[in-house]
Amino acid sequence: MQLDLNLLTALDALLEEGSVAGAAARLHVTAPAMSRSLGRIRKATGDQILVRTGRSMVPTIRALAIRAQVHTLVQQAHQLLSAQQELDLAALERVFTVRWHDALTAASGTALITAVHRQAPGVRLRLSAEPATDDAELRRGEVDLESSSSTPALPDIRHRLVGRDRLVVAVRPAHPLTEGPLSLERYAAADHLTVSRRGSLRDPIDDALTTRGLERRVAAAGPTAAFALQLALETDLVVTLPDAVTRTARDQLGLATLPLPLPLPDVPLYLLWHQRYDDDRAHTWLRDLATETVQALFTAPTATQRPLTNQTSQ
């Protein structure tokens with residue numbers, strides 16, 4: 001059955017105005033055009049809708065029965081096809097899935113949940129772990145917001161740079177590396193731990209050392225930053241991690257933080273989402289709130305305000 005939804009608008013006007021002329025004026029069409037629409041409505045519904053009584057027209061019994069429903073449907077259609085209305089956070093009910101690196105979740109997850117609950121009590125968050133392999137969950141709509149240290153390769157994935165983090169070295173208190181200036185040679189000679197959800201024993205630090213004729217021994221790979229920091233606390237293993245997103249965890253464990261004696265660029269932090277959410281006001285609110293929450297990490301005390309345990313040797 002082929003439906004002309006313009007007839008629904010015409011029917012609503014006819015039932016509201018009670019005349020062909022009034023409905024035509026309301027919809028800014030000619031009276032003959034509205035009369036033709038009424039004829040098509042009568043054919044589609046099998047009902048006269050409006051019948052003449054003297055010099056006026058009155059609705060049929062069926063027309064009276066469907067008038068409120070027709071008006072509601074027309075209003076819903078206008079809302080659906082018109083520009084989005086102002087977002088009412090107090091009334092918003094939605095579930096968002098946020099998939100961040102474990103260190104970022106540990107550093108900002110509580111603040112994000114607290115801010116979301118304060119502004120939109122009906123919104124619920126799922127903070128999910130990163131999988132061992134990259135997946136297309138953003139494209140499938142299974143994840144709403146993701147973190148990454150690199151820009152996406154797919155053109156339909158949007159990204160926003162929210163900060164840049166320097167790499168630092170974390171070791172247990174009284175670790176041999178805390179005694180005296182940390183040279184590049186002493187750093188390379190220590191036993192190291194990498195953080196990799198895939199279990200990789202090599203990362204860009206090894207490439208940078210190779211160009212300087214040095215090689216480090218990576219004794220183990222840990223799946224999360226939390227595990228790596230705990231292992232560094234209990235052993236002599238050295239872990240190199242982004243500073244801002246692990247600062248709170250390092251402080252809570254009482255780890256010593258040393259400057260990395262290797263000139264490497266800062267690690268960028270991006271938030272990623274699918275383009276289907278570009279004009280979604282609720283999603284825009286979430287990613288703006290997430291951006292604000294994450295950027296607070298980078299306004300924490302800087303190196304000049306909170307000195308590292310050691311200074312890099314030249």
- [ ] State the CG-CZ distance between Leu286 and Phe96, to the nearest 0.5 angstrom.
- [x] 5.0 Å
Open item on the list: Under 3.5 Å, is there a donor on one side chain and an acceptor on the other for Asp144 and His283?
Closed with: no
- [ ] May I ask you to say whether Arg247 pairs ionically with Asp243, meaning some side-chain N is under 4.0 Å from a carboxylate O?
- [x] yes
- [ ] Looking only at non-hydrogen atoms, find the nearest pair between Leu237 and Ala219 and report the distance.
- [x] CD2-CB, 3.7 Å
Task: Derivation of the salt bridge (charged side-chain N to carboxylate O under 4.0 Å, His left out) call for Asp12 and Arg67 - done: CA-CA 7 Å; Asp12 181 51; Arg67 180 163 57 187; over 6 Å; no
Task: Distance (rounded to the nearest 0.5 Å) between Ile66 CD1 and Thr60 OG1 - done: 7.5 Å
- [ ] Say whether, by atom type as modelled, one donor and one acceptor occur between the side chain of Arg40 and the main chain of Arg36 under 3.5 angstrom.
- [x] no
Open item on the list: Can you confirm whether Val98 sits close enough to Val143 that some side-chain heavy atom of one is under 4.5 Å from a side-chain heavy atom of the other?
Closed with: no
- [ ] Consider only side-chain N and O atoms of Thr291 and Arg160, and report whether a donor and an acceptor are under 3.5 Å apart.
- [x] yes
- [ ] Assess the side chains of Thr194 and Asp203: does a donor N or O sit below 3.5 Å from an acceptor N or O?
- [x] no
Task: Min side-chain heavy-atom separation His159-Trp273 under 4.5 Å - done: no
TODO: Measure the OG-CZ distance between Ser19 and Arg55 for me, rounded to the nearest 0.5 Å.
DONE: 13.0 Å
Task: Close side-chain approach of Leu167 to Asp266, heavy-atom, < 4.5 Å - done: no
Open item on the list: Using 0.5 Å steps for rounding, measure from the CD atom of Glu146 to the OG atom of Ser128.
Closed with: 8.0 Å
Task: Criterion side-chain contact (heavy atoms from CB on, under 4.5 Å) against Thr293, the qualifying member of Thr110, Leu112, Ile113 - done: Leu112
Open item on the list: Is a donor from one side chain sitting under 3.5 angstrom from an acceptor on the other, for Thr240 and Tyr187?
Closed with: yes
- [ ] Determine whether more than 12 heavy atoms belonging to other residues, nucleotides or ligands lie under 6.0 Å from atom CD of Glu234.
- [x] yes
Task: Distance-only polar pair, side chains of Thr45 and Arg42, donor-acceptor under 3.5 Å - done: no
Task: NZ/NE/NH1/NH2 to OD/OE distance under 4.0 Å, Asp191 and Arg217 - done: yes
Task: Beyond-backbone contact of Leu161 with Leu269, side-chain heavy atoms, under 4.5 angstrom - done: no
Task: Spacing of OG1 belonging to Thr97 relative to CZ belonging to Arg124, to within rounding of 0.5 Å - done: 10.5 Å
TODO: Could you tell me the separation between the CG atom of Leu260 and the CZ atom of Arg166, rounded to the nearest 0.5 Å?
DONE: 10.0 Å
